[in-house]
Amino acid sequence: MMKVLNDFSNIFRRYDLHVEKTGQAKEVSKDPILQDIAKFVVEGDEEGVLPVVQKALETKSPLEVINDALIPGMNEVSRLWEEGSYFLPQVILSADAMNVGIAECEKKMGKSMERKAKVVTHTAEGDIHDIGQVIVNALLNANGFEVIDLGSDVPVDKVVAACRDHQPIMVTGTALMTTTMSAFPKIAHQLKKANLEIPFICGGGAVAEEYVSEYDLGIWGKEASQAPGMAEDALAGESWQSMRSKWNG
Amino acid sequence: MMKVLNDFSNIFRRYDLHVEKTGQAKEVSKDPILQDIAKFVVEGDEEGVLPVVQKALETKSPLEVINDALIPGMNEVSRLWEEGSYFLPQVILSADAMNVGIAECEKKMGKSMERKAKVVTHTAEGDIHDIGQVIVNALLNANGFEVIDLGSDVPVDKVVAACRDHQPIMVTGTALMTTTMSAFPKIAHQLKKANLEIPFICGGGAVAEEYVSEYDLGIWGKEASQAPGMAEDALAGESWQSMRSKWNG
Amino acid sequence: MARKKIEKMAYSSGAEMMFGTAKHPVKTSRGIHIGGGFVHPEVVPHPRAGSEKTKKTLLREYERANGDALERMVIVGHPTLIVENEHVFQMTHNPTWGGEIAAQTARQMDDCLDKYGLKAAYRSTPADLRKPDMHHMRESDYTHEIIESFKQVSKYADIISIESMGGKEIFDHAIIRNDITGILFGIGVLGAIDMEWMWDQIVDIAKSNNCIPGGDTNCSEANTAMFMAGGMVSKDVPHVMAALARAISASRTLVAYECGATGPTKDCAYEDPIIKAMSGVPISTEGKISACAHSDLAGNLIAAVCDVWSNEAVEYHDMFGATTTSVFAEILGYDCAMFNSAIELGYQEQMKEILVNSDMYRDSHSLILAPDNAWEIGNAIIGNRGDSNYASGRAGAIKAGQIILGDSKMKLTQLEKKALENAMKDLEGLPDSEGDFIQMCLDKYKNVKGFNPDSYGL
Amino acid sequence: MARKKIEKMAYSSGAEMMFGTAKHPVKTSRGIHIGGGFVHPEVVPHPRAGSEKTKKTLLREYERANGDALERMVIVGHPTLIVENEHVFQMTHNPTWGGEIAAQTARQMDDCLDKYGLKAAYRSTPADLRKPDMHHMRESDYTHEIIESFKQVSKYADIISIESMGGKEIFDHAIIRNDITGILFGIGVLGAIDMEWMWDQIVDIAKSNNCIPGGDTNCSEANTAMFMAGGMVSKDVPHVMAALARAISASRTLVAYECGATGPTKDCAYEDPIIKAMSGVPISTEGKISACAHSDLAGNLIAAVCDVWSNEAVEYHDMFGATTTSVFAEILGYDCAMFNSAIELGYQEQMKEILVNSDMYRDSHSLILAPDNAWEIGNAIIGNRGDSNYASGRAGAIKAGQIILGDSKMKLTQLEKKALENAMKDLEGLPDSEGDFIQMCLDKYKNVKGFNPDSYGL
Ligand SMILES: [Zn+2]
Ligand SMILES: [Zn+2]
Ligand SMILES: [Zn+2]
């Protein structure tokens, strides 16, 4: 049989065990009904959240359910993820549950919920559907932004047209291959020509910081988890230049 | 004691033994005195060549000694090196011996020998004295070119000034470090401005083809052994563009 | 060639498996004996962005990128080299492009054999342009272009391979939701169905042009899981989910070999140690030297039973020493010289243990690829092969989970342990018959963007 | 510190030498035990051309290049890392630049130790700006800048080193003329004199700032010979001349350790196995993974007795996977995980034989660096140490030549054999006393461009 060691400390170091954190979600509302909704969001329970939201809407306003239960629950999950106690799948499942709750509230209100601002997202032409964009969509959504999702394999002028129509505060592009990211500088160039000074976050497998910093509007997105923070800066009116120096340093 | 194998054929292959050639220098002249001079050049014997040249000059013209003994001997060595039978040191020692002979003939003629054309060579500013440039000088010299050797750590404008004064058919630059090769595009730029359309061969440790092909006049010199061939093309009036496509492909 | 299920393990144990030797070695036209006793390097040059503009510029780029690697073998004395070109979009989209690049590289290799005696082989890997969520997997133009591309390249290449995409649309939805059911359906069922449909045709094309049908890799799914699991401080996907996805991918990738593929397998198929245990074909693997393309936690272990040692892909750029392709070909060649010295000295068992102990407990995904564990997982897959793709994949996943949970040296964070326990509960709770499982999934995933059952004949 | 000649071998034989352990281990401030039983990786990031324009841009470049490598250790689980920055011209020319970059990197390393427990150390290597043919080696402005640079960086760096240039002007003239006399005079006599003058001061500066005086390397001469000798199909300099130059360089480089340098030695000093045999200090070597900077023919062998495993220099660029410095730090770390697994499993002897057999007969320069031969050459150098630098260097070269000519497995081309025989004839014909030899050379090389005896107090 193969000889196997017992002590590996001179061969590798399990840094994951060293940094492990086990945080818990805090209570978000004194009101048991609202706290119950938040709990279903924190647990990412898409089926469980619907009935409790419907019951809450019998006595509470849709905005109350959204702002005092669904969103605070989601914020707890984002905090735990930021802190390293939760992993991405929990964030996605919680976003799914939150969206089910929001949809129910919007049905009751007869109009869709007030969103902070619009963000256009896409995966480059010729590039395969990238999970990175899916995560960016979920995180922006979970943080109250309205996502205009153009999907993948999106030609340059379709992206520019979407920006002209929706006037988003930010536009993102994901590319997995070096041969497809060549579309990004073209997009940036056309946006400038149409004087749409919109911060253009470019990321994904093959996209390198060196490359993105070569064209105006370009800001390198190292990780999908940066998207909400970047959107907040864009919302606050920060220029793409100051965003670039902040996020790319 | 350490266990050592006998058969390494599955570990490495001695390609040098596979391509080994053992060529001999051919006779270059029927005249025994001239053939004797050529032999000393072929053997790179700096001391031995002087007396036989002096003896030959008693009965032969300096040009005869140069064109029918010294240069043919040197050409044999270049052929053997090209073919892989001789190594670089033999070429350098033969060039030394040839130069001793030529100096003696020039003394007799009272003027220096007719040279094909001038080539300016230098090592970049801030760069250490590089053997690459020494070899380029020796090879150009051995192939009948007049070398204007500016030495090493040479500032941009000194190279441009030398080109203006000497109007060489070609200029070479050697750089060992990426931080010093940045002078080359500047040199090329100034040469163009002074409309000195001179092919500019750039080579040495850190110099990459990708870099050299980014500025006009620039031709990448992969190996010092290419210098004579490039000089012949420049002498024949080839443009730097056609030289670049020929040598960098 | 019609699929013939493998229902008997090629090896009797993990201990019987060793780097450099495979049960069914493969010989290339210029004399490389893959799996015939020694390990051979494989380098994968990738063209610079922009060089794919025209056929002429791409031909020139590959002439230099592939040529530099061949030249470096002669400079440092490495006896053999396999050069793989994974097609960029344009090379498959215009089938003649891939063909001409293969012809050009074949000429370069013939020259090196002539002049120096260097034994080299060329692997051409058409790109799977079929994006499941946007194209019909069997009838789209892209499908025809891929098949045509195989016909063009197999006239000149020594080996052909592909990284097929069947079931990716479901996998992508499932992996970011810790949904082992979706992972099993995407990789183990849809992926296996698409593999059978594709490889039946690829093997016939290869045979008709006297070209070696190398193999496939679940790069598009199992590697996505591995990359998203990331290193020791990432928090995207639990490593245990990447381990289960990898076990399932072995069941899916085996279909290529059941359809007549012979190996050398695809380098980025980290499931290859399991493939070798089941099928006995020579395998190409990538580990520490593929850091140029991605990081991984099995840098040494993944070489323990390899027959070809590769570097995934490296973009063609200048470095101090020379261009990237010659740099990585030199490094890979020296790793092989080390493996082959160990073989010639009779120290292969020690070398194997050294490689395995380096990473076996670095990560749960590495643990299940250690030779003995890979054999166990393969055995579970083969044990259920007769039943169905579903039963086979599911058995592999359950065995992998049991190995991780049952090994006290494999320490897990709380979060990883919980994710694994949940997944095992889900796996055990699934229906027994493939039919019921498929019905369940067709309903459960009917709204997944771009999922088209017709692509899989369902 | 005043030179104290080493006149007794630290090891009793080549067999006693082993990777990971040195007679005189060295501990760094953040807990790396160099030569204390295991091998540690060393990565050498180099800034992109253009980033040296201002102090601000260079600080930023190193912050990312060094930081990426540290981050990758945590991602893949490598326990330790040494980061070396070989100064670009501007870093030494403006001593405060080098100092601030050292301080910045020290802060980054303290953070990593704090947050993750990663043990890292920083080596700062000022550039030897003194070009022998253009500056007075002892009195030029550049000389003062180098000394000042050592004072600045040793306040923050864990280790300091330099690649000194003494005697290069003679060596450059000699190497391209197969002139072993000039090589011996340049490296063995002038080089040794300059080393003593420099290292006497460097060790004092290091001690005053509680910094480790690492060591020197004959990169500027012996490596130039090795690079010009090149690979298997180059025809610039015979490999046997690079082998003799390497033996002489061991005699010259030993002077640093006689002046109080403690190791870890400089990575690009291929003479380090001989240095270890003589002095017992822990050595850093570079082989296959330094292909990013240059090719070599001892890719595996040079690791056989190393304590630190390095990659020479890699320019900071993007690759698919990530930046070059993180890619090469990951690969080096995995090589060390392999060496350290071998040690923990008790297979270090087998691993050592595997590494040596890979390259021992690949090339004559590799042959003389095999541990047993390195010990013999060291023994010949030490045996004549008391007499003079000249006698010491000459004895080393003769022993190396005898080893190559005496080993029937070391096949040579006719040309190499003739070049070696000529060199041995020259060596044997040289005068016995150093005084006579120096007189002879002062006359023979008086016209060599830039040779200034006064630089060496002659
Ligand atoms: Zn792949
Ligand atoms: Zn060096
Ligand atoms: Zn170095």
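First the proteins, then the strands, lettered A, B, ... as listed; each starts at 1.
When heavy atoms are compared at a cutoff of 4.5 Å, C:Glu330 approaches chain D solely by way of its side chain, counted from C-beta outward. Residue contact with chain D, scored on non-hydrogen atoms closer than 4.5 Å, involves the side chain of C:Asp359 exclusively. Looking at D:Leu355, the atoms closer than 4.5 Å to chain C (heavy atoms on both sides) all sit in the side chain, from C-beta outward. When heavy atoms are compared at a cutoff of 4.5 Å, C:Tyr116 approaches chain D solely by way of its side chain, counted from C-beta outward. Using a 4.5 Å cut-off between heavy atoms, D:Asp363 makes no contact with chain C at all. Using a 4.5 Å cut-off between heavy atoms, C:Ile289 touches chain D through backbone and side chain atoms alike. Using a 4.5 Å cut-off between heavy atoms, D:Asp296 touches chain C through backbone and side chain atoms alike. In this structure, chain D has a heavy atom under 4.5 Å from the side chain of C:Thr324, while its backbone stays farther away. Looking at C:Ala329, neither its backbone nor its side chain comes within 4.5 Å of chain D, counting heavy atoms on both sides.
Residues C:Ile75 and D:Ser295 approach most closely at CG2-OG, 4.1 Å, considering heavy atoms. When all heavy atoms are compared, the tightest approach of D:Ala337 to C:Arg362 is CB-NH2, 3.6 Å. Taking every heavy atom of both residues into account, C:Ser358 and D:Tyr334 meet most closely at OG-CD2, 4.4 Å.
Expressed to the nearest 0.5 Å, how far NZ of C:Lys288 lies from CG of D:Leu332 amounts to 10.0 Å. For the atom pair C:Ile354 CD1 and D:Leu345 CG, the distance stands at 6.5 Å (nearest 0.5 Å).
Looking at heavy atoms from C-beta onward, D:Phe328 lies in side-chain contact with C:Ile331 at the 4.5 angstrom threshold. When side chains are defined from C-beta on, C:Met319 counts as touching D:Val314, because their heavy atoms get closer than 4.5 Å. Using a 4.5 Å cut-off on side-chain heavy atoms (C-beta onward), C:Met351 and D:Met351 make contact.
In this structure, C:Phe320 has its ring center no closer than 6.0 Å to that of D:His294.
Contacts of C:Glu312 classified as salt bridge (charged side-chain N to carboxylate O under 4.0 Å, His left out), with partners at least two apart in sequence or in another chain: none.
When the candidates C:Gly230, C:Gly231, C:Gly346, C:Ser234 are compared by the number of heavy-atom contacts under 4.5 Å with chain D, C:Gly231 comes out ahead. Per-residue heavy-atom pair counts under 4.5 Å with chain C were compared for D:Val356, D:Val233, D:Asp318, and the maximum is reached by D:Val233.
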**Request:** Kindly determine whether D:Met232 and C:Val76 satisfy side-chain contact (heavy atoms from CB on, under 4.5 Å), including the steps that lead there.
**Result:** CA-CA 6 Å; D:Met232 297 231 179; C:Val76 289; over 6 Å; no

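Dense packing is recorded around NZ of D:Lys409, with more than 12 heavy atoms of other residues, nucleotides or ligands lying under 6.0 Å away.
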